[in-house]
Amino acid sequence: MYTSFLRPLLFKFDPEKVHHFSFSALRKAFKFPFTERLVRKKYALNNKALEREVFGLQFKNPVGLAAGFDKDAKLYKELEALGFGFIEIGTLTPKGQEGNPKKRLFRLKEDKAIINRMGFNNDGVAAAVKRLKANNGKVLIGGNIGKNKVTPNEEAVNDYIFCFNALFAYVDYFVVNVSSPNTPNLRALQDKEPLKKILFALQEINDQQEKSKPILLKIAPDLTNQQLLDIIEIVTETKIAGVIATNTTISREGLQSANKKETGGLSGKPLTNRSTEVIRFLVEKSNNSFPIIGVGGIHSAQDALEKLDAGASLVQLYTGFVYEGPTLIKTINQAILARN
């Protein structure tokens, strides 16, 4: 029903407006007491064999929602009911910001892809915390954090520390995002020294807590092999919990869609192979010394299995979820169960 009827209808309209409309519709639907029960019955798959322990956390299944979809933690409960094993919110910044001028979100239908140049638009970390207080540990939440656009790179560490402290009591793991191409000069923070500065600062605070929380690093697919080797060294040196591979790409290689030249980060099917290559490289070169969440171009159960086979412990959806609909979550989990 989604791919044959609902998707063609929704794809007639502006993607950012559709996103807000879908959020509003889901929120209203879940106000009826029977909606959640019906949604879980149709989409969620509960089976002990799907459970995974990663980073010291217990995931009810290995399929999560990537950051960027529920930036402000407005719909994490409803989205979890669709069958996701975990929800990653953000990217959140200390202060709310509008992001880049619209239009800033583009579908590349022929390529089953999306280009976005959103620019960390969000209400600010304090607004998200207010919403997360209602969670009470029911949904496993990742907190993806970044810096405000106006914060110079030399002071970026302070923004990450601010978000880390604000979210600490309300998320299960953290993701340091220095790999979005849509905030000017942000990717420069992936260089070895500035990145180590941020990660060491967060780990120092983390170690002072009664119980520390996993800190992950989200990396770009555009890194060279030498840069990926640097990432392995940094993960080892800073003792963070793991890596999310990968964020969006600035590459436009092989695209067919007319709007392929729009600036921003590309996600979706064109990223499938590269993100899997990055996962495999990190696993092999690090001797599988840290867990990886695989994300990028997962549009089918086979795509997800390939990332797991490459060494990912968990996977996340975003663009594939938009193109294929919520049945994709269950289909992936069924494929995983079929292997057991």
Side-chain angles (χ1 to χ4, degrees), residues 54-57 64-68 70-74 76 86-97 119-135 137 139-180 183 185-219 231 234-244 247 290-291 293 316:
V54 188
F55 320 122
L57 299 175
L65 179 66
D70 188 13
K71 290 174 181 286
D72 292 300
K74 290 180 176 178
Y76 60 89
F86 58 108
I87 305 289
E88 191 172 307
I89 61 162
T91 297
L92 292 167
T93 55
K95 297 176 183 178
Q97 56 184 29
F120 287 175
N121 58 307
N122 72 108
D123 296 339
V125 69
V129 165
K130 286 182 181 177
R131 300 182 185 107
L132 290 171
K133 286 180 178 178
N135 185 28
V139 180
L140 199 154
I141 301 284
N144 188 302
I145 57 178
K147 79 171 188 74
N148 280 115
K149 182 178 181 178
V150 297
T151 304
N153 277 7
E154 301 77 44
E155 300 171 20
V157 63
N158 297 324
D159 279 14
Y160 288 94
I161 289 172
F162 186 95
C163 292
F164 186 84
N165 286 329
L167 281 172
F168 191 87
Y170 307 101
V171 301
D172 297 286
Y173 69 87
F174 284 91
V175 181
V176 174
N177 187 354
V178 290
S179 53
S180 169
T183 295
N185 302 317
L186 182 77
R187 282 190 168 193
L189 295 175
Q190 289 184 121
D191 292 344
K192 191 181 291 188
E193 292 312 313
L195 184 52
K196 285 200 296 185
K197 181 181 178 182
I198 293 169
L199 296 178
F200 272 127
L202 295 180
Q203 281 291 55
E204 185 178 355
I205 299 168
N206 203 21
D207 291 341
Q208 293 169 2
Q209 308 301 317
E210 186 175 336
K211 186 179 180 183
S212 63
K213 295 195 173 177
I215 298 174
L216 314 180
L217 174 66
K218 190 164 189 175
I219 64 171
I231 293 295
I234 290 166
V235 171
T236 304
E237 195 173 336
T238 60
K239 296 182 172 60
I240 62 168
V243 166
I244 297 186
N247 210 322
F290 51 83
I293 298 179
Q316 288 179 324

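Computed from a predicted structure; not experimentally measured. Note that the numbering runs from 1 along the sequence shown for the chain.
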Q.
So for atom OH, which belongs to Y173, do other residues, nucleotides or ligands contribute more than 12 heavy atoms lying within a distance under 6.0 Å?
A. yes
Q: Could you give me the CA-CA distance, side-chain angles and deciding distance for D123 and K130, then say whether salt bridge (charged side-chain N to carboxylate O under 4.0 Å, His left out) is met?
A: CA-CA 11 Å; D123 296 339; K130 286 182 181 177; over 6 Å; no
Q.
Between F290 and I240, is there a side-chain heavy-atom distance shorter than 4.5 Å?
A. no
**Q.** Note, L202 side chain near F174 side chain (heavy atom, < 4.5 Å)
**A.** no
Q) Are the side chains of I215 and F164 in touch, meaning some heavy atoms are under 4.5 Å apart? A) yes
Q. Do the side chain of N206 and the main chain of K213 share a donor and acceptor less than 3.5 angstrom apart?
A. yes
Q) Which atoms form the tightest heavy-atom contact between A73 and L132, and what is the distance? A) CB-CD2, 3.9 Å
For residues 141-148, run the donor-acceptor check on the side chains, cut-off 3.5 Å, and write out each pair with its distance to 0.1 Å, sequence neighbours left out.
residue	atom	partner	partner atom	Å
N144	OD1	T91	OG1	2.6
N144	ND2	E88	OE2	3.0
K147	NZ	T151	O	2.5
N148	OD1	K95	N	3.1
N148	ND2	T93	OG1	3.2
N148	ND2	K95	O	2.8
N148	ND2	Q97	OE1	2.9

Q: Identify the residue among N177, V175, L195 that makes a side-chain contact (heavy atoms from CB on, under 4.5 Å) with L217.
A: L195
(Q) Donor-acceptor check, side chain of N153 to backbone of N185, threshold 3.5 angstrom: yes or no? (A) yes
Q) Can you check side-chain contact (heavy atoms from CB on, under 4.5 Å) on Y160 and V176, steps first, answer last? A) CA-CA 8 Å; Y160 288 94; V176 174; 3.8 Å; yes
Q | More than 12 heavy atoms of other groups within 6.0 Å of Q209 CD | A | yes
**Q.** Residues that A201 engages under side-chain contact (heavy atoms from CB on, under 4.5 Å), provided they are two or more places apart
**A.** V157, I161
Q. How far apart are the closest heavy atoms of G242 and F55, and which atoms are they?
A. CA-CE2, 4.4 Å
**Q.** Closest non-hydrogen atom pair between D172 and P214, with its separation
**A.** O-CD, 3.3 Å
